[in-house]
Structures are given as C-alpha cells and as structure tokens.
Amino acid sequence: MSAFDLVLRNGLIVTGSDQFSADIGVSNGIIVAIGTGLPHGTKEVDCAGRWIMPGGVDSHVHLDQPAPGASMCDDFFTGTASAAAGGTTTVVCFAWQEKGQSLKEVRDGYLARAQAGARVDFAFHLAITDPTDRIVEEELPALIAAGDRSVKVFMTYDGVRLQDGEILRVLSQAARGGALVCVHAEHHEMIQWLTAKLVEAGLTAPKYHALAKPMAAEREAVNRVVALAEAGGGHIQIFHVSGAESAEEVARAQGRGRPVTAETCPHYLVLTAGDLDRPGFEGAKFVFGPPARTAEDQEALWRHIRAGVIDVISSDHSPFRFDDPAGKKVAGDAAPFHKIPNGIPGLAARLPVTFTEGVAKGRIDASAFVRLVATNPAKRFGLYPRKGTIAIGSDADLVVFDPNKRVKITNALMHHASDYTPFEGYECLGYPVATYLRGQLVFDGTRVTGAPGQGRHLPRGPYLAPAPSALLPGG
Ligand code: URP
Ligand code: ZN
Ligand code: ZN
C-alpha cells in the first residue's frame with residue numbers, strides 16, 4: 001500500500017514566505033508531508049524544473065450573474081473551467097441581490113447552482129443592492145454568522161448603488177458580525193453628469209468611457225468610503241484600484257491606522273485608456289469600471305503593490321461575449337459608450353499576466369507573486385491556512401508552474417465562454433502547467449479535467465478583529 005495518494009517530486013516549492021526544494025505528499029486531499037525522499041505515492045509526478053505554488057485564490061469573480069439587459073456568459077461550470085486553466089483553485093463569487101429579493105434566497109440559489117457546476121472551490125460575497133431593515137438587521141447578520149463573511153457595496157451604477165447612509169448601516173452591521181466590506185468606489189453623480197455632457201456633444205465612441213469615469217470620480221469615492229468606514233466601523237477592501245490617486249487615498253488611510261486594504265487587477269497593469277480607442281467597436285472589449293488609466297498609473301500601482309498598500313491581485317472576471325446581442329452589443333454594434341455593459345473576462349489570465357509583469361519583468365520576487373494571487377486573498381477573506389499556502393494540513397490545492405514557459409494568450413487558452421479575451425496576443429513568460437484541487441488534477445496543461453460539482457463551498461469562520469467606529473464613544 002502506498003504511503004500517499006499523490007506525491008509531487010523535485011519541484012521548487014514557492015509559498016508567500018519561502019522557496020525550497022522538496023517533495024509534497026498528499027492523502028485524502030490534504031498536504032500531509034513535505035520533505036525530501038518521501039516514500040512512494042499511488043500517483044507520482046516529477047516536477048523538476050518547475051515551481052509548485054499554492055492554488056490561486058481569486059477574490060473577485062462574477063459568475064452566473066444578472067446584468068441589466070445583457071447576460072454575463074460564464075456560469076459556475078464554464079467560469080471555474082477558466083479558473084482551473086489559469087491555476088486558480090478558489091473563487092470568491094457574488095451572491096447578487098436584485099431589488100426586492102431576499103438576500104438569503106439569493107444566496108441559497110447561488111449556492112445550489114455553484115454546488116452543481118463548480119470545478120474549483122468557492123465562497124460568496126453578499127452583494128447588497130436593496131438594504132431594507134429586514135435585509136440589514138436580520139438576513140445579513142444570519143448569513144455572516146453562517147459563514148458568508150464578506151459583503152459588496154456599490155457607490156455607482158443605477159439600480160445597484162447604495163446611498164451613503166445605506167452604506168453606513170451596512171458597514172456598521174458587517175463590523176458587528178465580523179465581515180469585510182468590499183467597495184466599488186466611484187462618484188455616481190459625477191459620472192452621470194459627465195456622461196450626459198459627452199452624449200449631448202455627440203462624443204459617444206467607446207473611448208469616451210474613460211472620460212466619463214475619471215480618476216477624480218474614483219479618488220473622491222475612495223476618500224468618502226474610508227471616512228464612512230471610520231464612522232460606521234469595520235474593515236473595508238477597496239476593489240479594483242485603477243491608478244495612482246486612489247491608491248494614494250488607501251495609503252493615507254492605512255497611514256492613519258484604518259483597517260483599509262486594496263486590490264487591483266491585471267487589466268490595470270497592462271491595459272490603458274488608449275485600448276478603448278481601437279478601431280470600430282473593438283474598444284467595447286475594454287469597457288470596464290473603473291476604466292484603465294495611463295502607463296504612469298501602472299507604474300504607480302506597482303509601487304503601491306511593493307509597499308503593501310495594494311496586497312491582492314484579483315481578476316474582476318465579469319465576462320460578456322463581444323459579438324452577441326446579449327453581450328457587449330446589447331445596444332447594437334455602434335452603441336454609445338454608456339450603453340455597453342461594463343466588465344471583461346480575466347480569470348485564466350490572472351496568474352500568467354501577474355507573473356510576467358511582476359516576476360519576469362523584475363518588479364517583485366516569487367514569494368511576493370504568490371502572496372498577491374493566493375496567500376493574501378486567502379487571508380483577507382478568512383480562507384487561510386486551508387487555502388493560499390503549502391503547509392501540513394492545508395488543502396492540496398497545488399499549481400505546477402513553469403517559470404520559463406512562453407505562451408502567447410489566445411481566447412481558446414482561457415477556457416471561458418466569452419468569444420474574446422482583452423489579453424489576446426499578450427506574451428506570457430511563465431504559465432501554469434497543471435492544477436490540482438484537493439489532490440485531484442483539474443487542469444493537465446491542455447485540458448480542464450475537473451468535473452462539475454467537484455468544487456466545494458467554503459463557509460468561513462470568524463477571522464477579523466472587531467473594528468469599532470472611531471467616532472462614537474465606546475465604538
Ligand atoms: O466593470 C466591471 N468591473 N464590472 C463588473 C462589476 C464590478 O464593478 O465589479
Ligand atoms: Zn466593481
Ligand atoms: Zn467586479
């Protein structure tokens with residue numbers, strides 16, 4: 001009888017803190033041994049010349065979600081195929097409430113669909129768009145206590161955004177329950193006013209999306225929600241920080257000791273507002289919010305990443321098809337920018353693009369890369385050390401990564417349901433060559449081998465210290 005179900009041999013193990021050569025022994029989906037000369041396993045894999053890193057944790061993924069008039073094209077089945085193909089073994093998705101809906105019923109529906117379709121493990125952010133008394137005071141605390149320990153609020157988008165007073169109530173309730181609040185921070189009225197002015201002037205091509213959503217709108221909203229969280233209490237994470245000025249707001253909040261963290265995404269590191277100006281309607285492929293900014297913003301983001309101000313790189317996978325009346329062309333193939341659905345697919349590109357821009361280009365070291373794409377999101381969202389590291393007792397979510405493999409991104413390699421990738425033609429140096437979920441191969445370097453229903457829900461125990469209001473006596 002073999003000592004292990006699986007042994008990965010001779011790889012360079014790269015965690016968020018260490019790099020060393022050793023074998024990994026896996027039994028019953030758990031890492032049970034790390035050492036040299038381990039006894040034989042039922043399955044043996046030689047990883048010489050490769051890295052073994054913890055499976056990626058993508059803490060910002062939209063799957064099976066409604067979008068006004070349009071439809072996102074990835075459900076849990078196709079979206080988690082893309083995750084596995086990109087070296088991601090845990091996705092934190094959204095249980096997305098629409099007006100009038102019970103958050104509990106919404107979450108139960110997402111849970112059932114994810115349990116049927118997902119090929120990697122998953123958890124949920126509770127996206128609150130209708131914060132009635134019953135939702136905020138009854139359903140939210142019950143769902144947090146049951147393990148869905150993160151909440152998403154929007155400061156913009158009609159039908160979705162919350163008013164400041166509503167955000168305060170959610171912040172305060174989340175703080176009491178020990179849930180992190182993730183924030184889409186953009187100034188709604190400023191965007192509406194600029195959009196109206198641009199449309200009035202006939203400036204409606206996709207490139208004007210960037211002018212309608214300027215950095216001032218993002219910077220102001222980050223500043224405001226940091227202040228709201230100081231009053232309401234609680235930990236917040238600013239989602240999709242797009243450039244220098246909003247990152248500076250986060251850095252200032254952290255300098256004052258506020259519990260504020262931030263993520264950015266690969267598209268902010270490699271795309272610019274110039275991509276919206278591609279010929280014809282091609283720019284629609286790059287419509288997402290906040291928009292991509294400038295090359296200087298990209299370098300500023302890396303400075304803030306190196307300083308730890310931004311400590312997570314997620315995909316914000318929000319997939320629409322391009323050539324589809326339910327996708328980017330929902331309002332026609334010459335639609336004005338404000339009628340183009342916001343969002344792009346990015347799950348499978350996250351690790352290779354971050355590695356190429358970060359490690360291959362000398363901006364960060366190997367362990368910093370692992371922290372950004374796996375360890376830190378696992379910690380921020382209460383999944384560590386089960387996820388996000390290679391340690392005895394952790395789930396055997398393992399990625400065999402070839403740091404020397406050159407791959408030019410094509411849509412077929414993304415294994416998603418979209419008909420395009422915004423990273424088409426991007427030259428990666430470094431690519432995942434195998435992905436294991438709890439010791440089972442879910443991507444073999446070419447094919448997604450994970451089965452629907454293989455992914456498990458990850459309820460999260462309490463993990464955040466209370467962060468009381470700084471502005472009320474006694475918090
Ligand atoms: O453009 C984006 N990011 N769409 C997805 C929804 C969101 O804002 O996270
Ligand atoms: Zn957002
Ligand atoms: Zn998003």
Side-chain angles (χ1 to χ4, degrees), residues 59-60 152-156 161 164 167-168 171 180-191 194 209-276 288-316 354 357-358 361 363-364 368-369 371-373 376-377 379-380 467 470-471:
S59 48
H60 186 166
K152 169 85 187 274
V153 297
F154 283 84
M155 299 173 83
T156 189
R161 75 177 176 123
D164 289 354
I167 292 175
L168 273 169
L171 284 164
L180 179 70
V181 177
C182 306
V183 186
H184 181 123
E186 288 185 290
H187 190 303
H188 185 70
E189 284 87 356
M190 189 192 300
I191 293 167
L194 288 166
H209 172 74
L211 267 61
K213 290 175 149 255
M215 179 51 91
E218 184 180 336
R219 185 190 65 226
E220 186 284 333
V222 172
N223 180 286
R224 181 160 32 111
V225 77
V226 164
L228 292 174
E230 192 168 334
H235 296 243
I236 59 171
Q237 184 182 85
I238 307 298
F239 265 1
H240 39 49
V241 168
S242 71
E245 293 179 21
S246 49
E248 283 157 16
E249 294 297 332
V250 174
R252 264 194 285 279
Q254 291 173 349
R256 292 196 298 276
R258 298 304 307 156
V260 177
T261 61
E263 59 151 42
T264 191
C265 314
H267 38 282
Y268 297 111
L269 301 172
V270 298
L271 301 174
T272 67
D275 287 294
L276 288 161
F288 48 81
R293 308 286 181 191
T294 66
E296 293 71 40
D297 282 295
Q298 293 174 351
E299 287 313 319
L301 288 174
W302 280 112
R303 282 196 299 279
H304 287 288
I305 287 168
R306 281 194 294 271
V309 172
I310 295 170
D311 65 357
V312 166
I313 296 186
S314 74
S315 68
D316 191 7
T354 302
E357 292 300 313
K361 296 192 180 174
R363 290 177 168 121
I364 54 171
F369 163 67
R371 285 197 296 277
L372 287 163
V373 300
N376 290 346
K379 287 182 174 174
R380 292 285 169 238
L471 303 181

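At least one side-chain heavy atom of Glu299 sits under 4.5 Å from a side-chain heavy atom of Arg363. A heavy-atom distance below 4.5 Å is found between the side chains of Cys182 and Lys152. In this structure the side chain of Leu194 reaches within 4.5 angstrom of the side chain of Pro214, judged on heavy atoms. Using a 4.5 Å heavy-atom cutoff, the side chains of Ile313 and Thr264 are in contact. By the 4.5 Å heavy-atom criterion applied to side chains, Leu171 and Ile236 are counted as neighbours. Thr261 places none of its side-chain heavy atoms less than 4.5 Å from the side chain of Val312. With contacts defined as side-chain heavy-atom distances shorter than 4.5 Å, the pair Arg293/Leu301 does not qualify. Contact annotation: the side chain of Thr272 never approaches that of Thr294 to less than 4.5 Å [non-hydrogen atoms, C-beta and beyond].
In terms of heavy atoms, His209 sits closest to Pro291 at CD2-CB, 3.9 Å. The two residues Trp302 and Thr354 have their closest heavy-atom pair at CH2-O, 4.3 Å. Heavy-atom minimum distance, Pro377 versus Leu372: CD-O, 3.5 Å. Nearest heavy atoms, Val241 versus Glu218: CA-OE2, 3.6 Å. For Pro259 against Gly234, the heavy-atom pair with the smallest separation is CG-O, 3.6 Å. What you find for Asp297 and Ala244 is that their closest heavy atoms are OD1-N, 2.8 Å.
Remark: Glu248 pairs with no residue by the salt bridge (charged side-chain N to carboxylate O under 4.0 Å, His left out) rule, at least two apart or across chains. Glu263 meets the salt bridge (charged side-chain N to carboxylate O under 4.0 Å, His left out) test with no other residue; sequence neighbours excluded.
With rounding to the nearest 0.5 angstrom, the CG atom of Asp316 is 3.5 Å from the NE2 atom of His60. One finds the CD atom of Glu357 at 12.0 Å from the CZ atom of Phe369 (value rounded to the nearest 0.5 Å). In this structure, CG on Leu271 lies 11.0 Å from SG on Cys265, to the nearest 0.5 angstrom. Expressed to the nearest 0.5 Å, how far CG of Leu471 lies from CD of Glu230 amounts to 5.0 Å. Remark: Gln298 CD to Arg303 CZ distance equals 12.0 Å, nearest 0.5 Å. Note that NE2 of His188 is 11.5 Å distant from CE of Met155, once rounded to the nearest 0.5 Å.
Checked options Glu249, Glu245, His187; the residue passing with Asn223 is Glu249 (criterion: side-chain contact (heavy atoms from CB on, under 4.5 Å)).
In this model, a donor atom of one side chain and an acceptor atom of the other lie less than 3.5 Å apart for His184 and Glu186.
Looking at Asp311 and Arg380, a side-chain N of the basic residue comes within less than 4.0 Å of a carboxylate O on the acidic one, giving a salt bridge.
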What do the steps show when you test Arg371 against Ile364 for side-chain contact (heavy atoms from CB on, under 4.5 Å), and what is the final call? CA-CA 11 Å; Arg371 285 197 296 277; Ile364 54 171; over 6 Å; no
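Using bins of under 30°, 30° to 60° and over 60° for the plane-to-plane angle, the ring pair His240/Tyr268 lands in the perpendicular bin.
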